[in-house]
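Quick note: residue numbers are just sequence positions, from 1.
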Amino acid sequence: MRIVVLDGHTANPGDLSWAELEAMGELTVYDRTPADATIERAKEADIVLTNKVVIGPNEMKHLPQLRYSGVLATGYNVVDVKAAHELGIVVTNVPAYSTESVAQMVFAHLLTVTNRPEHYALANRNGRWAGNPDFCFWDTPLTELSGKVMGIVGLGNIGRRVSEIALAFGMKVQALTSKSSGLLPAGVSKASLEELLSTSDVITLHCPLTDSTLHLVNHETLAQMRPGAILINTGRGPLVDEFAVAEALKSGHLSAYCADVLCEEPPRADNPLFCLPNAFITPHIAWATTEARNRLLQTAIHNVRSFLEGHPQNVV
């Protein structure tokens with residue numbers, strides 16, 4: 001049984017182990033695979049694991065031994081599922097492994113805006129507090145979350161966990177969701193998009209990227225937001241029009257944009273958000289805690305084992 005991991009570096013840069021997978025067959029792990037090397041590297045594989053490397057109809061056509069394609073992520077758009085099904089190739093993903101870590105990043109970003117710990121830590125390294133005449137100093141607004149309104153777009157696993165944390169901070173929580181009001185968590189109210197935009201102090205995006213949510217945040221919807229609102233995106237970069245967000249930040253209508261994802265990854269150096277002091281961008285790391293990556297790897301290994309035993313799990 002030949003097993004190939006096409007881009008293993010992000011999930012496991014060396015601090016975790018592939019040993020359990022290695023025990024199941026002849027394993028080859030590539031840190032990264034360019035598109036034009038995919039077929040050559042996977043041509044003799046029975047099992048291929050991929051994170052971002054595309055396995056489309058053309059690749060499948062040239063991989064006659066391929067029986068199983070496991071996605072090292074929750075989203076599985078990198079594999080053409082329809083083509084795989086037609087060829088009898090099983091496709092699996094890893095659901096809900098990063099819920100806690102992504103929810104944690106939402107509040108890391110939010111607290112960065114409201115309390116600015118990194119700003120003050122840097123200032124103090126440069127002697128600002130030591131040279132201050134008073135016992136304390138602050139030169140940015142400091143904001144309390146209790147009583148503020150959080151609007152959550154999408155109430156899946158991550159959105160629900162974010163709502164729980166927001167409620168623990170004393171925030172009022174409303175959600176744009178397809179779930180009926182009776183199925184919402186205690187303390188969370190259902191809102192239309194217009195209501196959520198106009199009444200939320202903080203808006204955080206946790207919906208899937210579809211044709212209907214592409215550029216959900218744009219010039220028109222930004223104009224409907226409460227002046228001074230904070231926007232957080234740990235979902236998918238293209239949920240927002242980055243140029244529209246940059247303009248809203250420059251005008252002050254949007255007080256801050258916090259994002260762990262961008263429309264293009266890795267981004268262009270001239271991305272308009274990078275030069276704005278009220279844009280806080282992290283490099284797609286919300287999912288990447290050691291604990292989350294370990295869950296990811298363990299579930300991926302379990303998926304392969306289940307397939308080999310004849311009862312595949314997490315099939316898409």
Cluster question for you: counting only ILVMFWY and a side-chain heavy-atom cut-off of under 4.5 Å, with indirect links fine, are [X] and [Y] together?
{"X": "Val78", "Y": "Ile39", "answer": "yes"}
{"X": "Ile230", "Y": "Ile158", "answer": "yes"}
{"X": "Leu239", "Y": "Tyr257", "answer": "yes"}
{"X": "Val202", "Y": "Met105", "answer": "no"}
{"X": "Ile203", "Y": "Leu273", "answer": "yes"}

When you look at [atom1] of [X], are more than 12 heavy atoms from neighbouring residues, nucleotides or ligands closer to it than 6.0 Å?
{"X": "Gln104", "atom1": "CD", "value": "no"}
{"X": "Tyr76", "atom1": "OH", "value": "no"}
{"X": "Glu220", "atom1": "CD", "value": "no"}
{"X": "Glu144", "atom1": "CD", "value": "no"}
{"X": "Asp211", "atom1": "CG", "value": "no"}
{"X": "Arg236", "atom1": "CZ", "value": "no"}

In plain terms, say whether [X] and [Y] are close enough for a salt bridge, that is, a side-chain N and a carboxylate O under 4.0 Å apart.
{"X": "Asp80", "Y": "Lys82", "result": "no"}
{"X": "Arg160", "Y": "Glu164", "result": "no"}
{"X": "Lys172", "Y": "Asp201", "result": "no"}
{"X": "Lys61", "Y": "Glu59", "result": "no"}
{"X": "Arg305", "Y": "Glu20", "result": "yes"}

Please check: side-chain N/O of [X] versus main-chain N/O of [Y], any donor-acceptor pairing under 3.5 Å?
{"X": "Glu40", "Y": "Ala37", "answer": "no"}
{"X": "His62", "Y": "Asn58", "answer": "yes"}
{"X": "Thr221", "Y": "Asn218", "answer": "yes"}
{"X": "Trp129", "Y": "Phe135", "answer": "yes"}
{"X": "Arg2", "Y": "Glu26", "answer": "no"}

Between atom [atom1] of [X] and atom [atom2] of [Y], what is the distance when rounded to the nearest 0.5 Å?
{"X": "Glu309", "Y": "Met24", "atom1": "CD", "atom2": "CE", "result": "8.0 Å"}
{"X": "Leu231", "Y": "Cys258", "atom1": "CG", "atom2": "SG", "result": "8.0 Å"}
{"X": "Thr177", "Y": "His206", "atom1": "OG1", "atom2": "NE2", "result": "12.5 Å"}
{"X": "Phe307", "Y": "Asn314", "atom1": "CZ", "atom2": "CG", "result": "14.0 Å"}
{"X": "Leu205", "Y": "Thr213", "atom1": "CG", "atom2": "OG1", "result": "9.5 Å"}
{"X": "Ser98", "Y": "Arg161", "atom1": "OG", "atom2": "CZ", "result": "13.0 Å"}

Is the shortest side-chain heavy-atom distance between [X] and [Y] below 4.5 Å?
{"X": "Leu308", "Y": "Tyr68", "result": "no"}
{"X": "Leu184", "Y": "Lys179", "result": "yes"}
{"X": "Thr204", "Y": "Val153", "result": "no"}
{"X": "His215", "Y": "Val240", "result": "no"}
{"X": "Ser255", "Y": "Asn278", "result": "no"}

Going through the distances and angles, do Ile152 and Leu176 end up as a side chain to side chain contact (heavy atoms under 4.5 Å, CB included)? CA-CA 6 Å; Ile152 302 175; Leu176 175 65; over 6 Å; no
Which pair of non-hydrogen atoms, one from [X] and one from [Y], has the smallest distance, and what is that distance?
{"X": "Gly25", "Y": "Ile3", "value": "N-CD1, 4.1 Å"}
{"X": "Val261", "Y": "Gly235", "value": "CG1-O, 3.8 Å"}
{"X": "Arg293", "Y": "Pro13", "value": "NH1-CD, 3.4 Å"}
{"X": "Leu296", "Y": "Ala73", "value": "CD1-N, 3.9 Å"}
{"X": "Gln313", "Y": "His302", "value": "CG-NE2, 3.8 Å"}
{"X": "Asn157", "Y": "Ala96", "value": "ND2-CB, 3.6 Å"}

Start with the C-alpha gap between Met171 and Val149, add the side-chain angles, then the distance that decides, and say whether side chain to side chain contact (heavy atoms under 4.5 Å, CB included) holds. CA-CA 6 Å; Met171 301 183 77; Val149 179; over 6 Å; no
Donor + acceptor pair across side chains of [X], [Y] (<3.5 Å):
{"X": "Thr199", "Y": "Gln174", "answer": "yes"}
{"X": "Arg128", "Y": "Asn132", "answer": "yes"}
{"X": "Asn303", "Y": "Ser306", "answer": "no"}
{"X": "Arg41", "Y": "Thr33", "answer": "yes"}
{"X": "Thr112", "Y": "Glu118", "answer": "no"}
{"X": "Thr234", "Y": "Asp260", "answer": "no"}

Looking at Leu27, Val304, Asp7, Val71, which one forms a side-chain contact (heavy atoms from CB on, under 4.5 Å) with Leu49?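 Answer after filtering Leu27, Val304, Asp7, Val71: Val304.
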Please work out whether the ring planes of Phe107 and Phe169 are parallel, tilted or perpendicular, with thresholds of 30° and 60°.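 Phe107 vs Phe169 ring planes: parallel.
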Under the side chain to side chain contact (heavy atoms under 4.5 Å, CB included) rule, what do Thr99 and Trp287 come out as? Steps first, then yes or no, please. CA-CA 8 Å; Thr99 298; Trp287 68 280; over 6 Å; no
Using distance only, find each side-chain donor-acceptor pair of residues 136-143 under 3.5 Å and give its atom names and separation, not counting sequence neighbours.
{"residue": "Asp139", "atom": "OD1", "partner": "His119", "partner atom": "NE2", "Å": "2.7"}
{"residue": "Thr140", "atom": "OG1", "partner": "Tyr120", "partner atom": "OH", "Å": "2.7"}

Dump the intermediate steps for side chain to side chain contact (heavy atoms under 4.5 Å, CB included) on Asp31 and Thr10, then the final yes or no. CA-CA 8 Å; Asp31 282 347; Thr10 50; over 6 Å; no
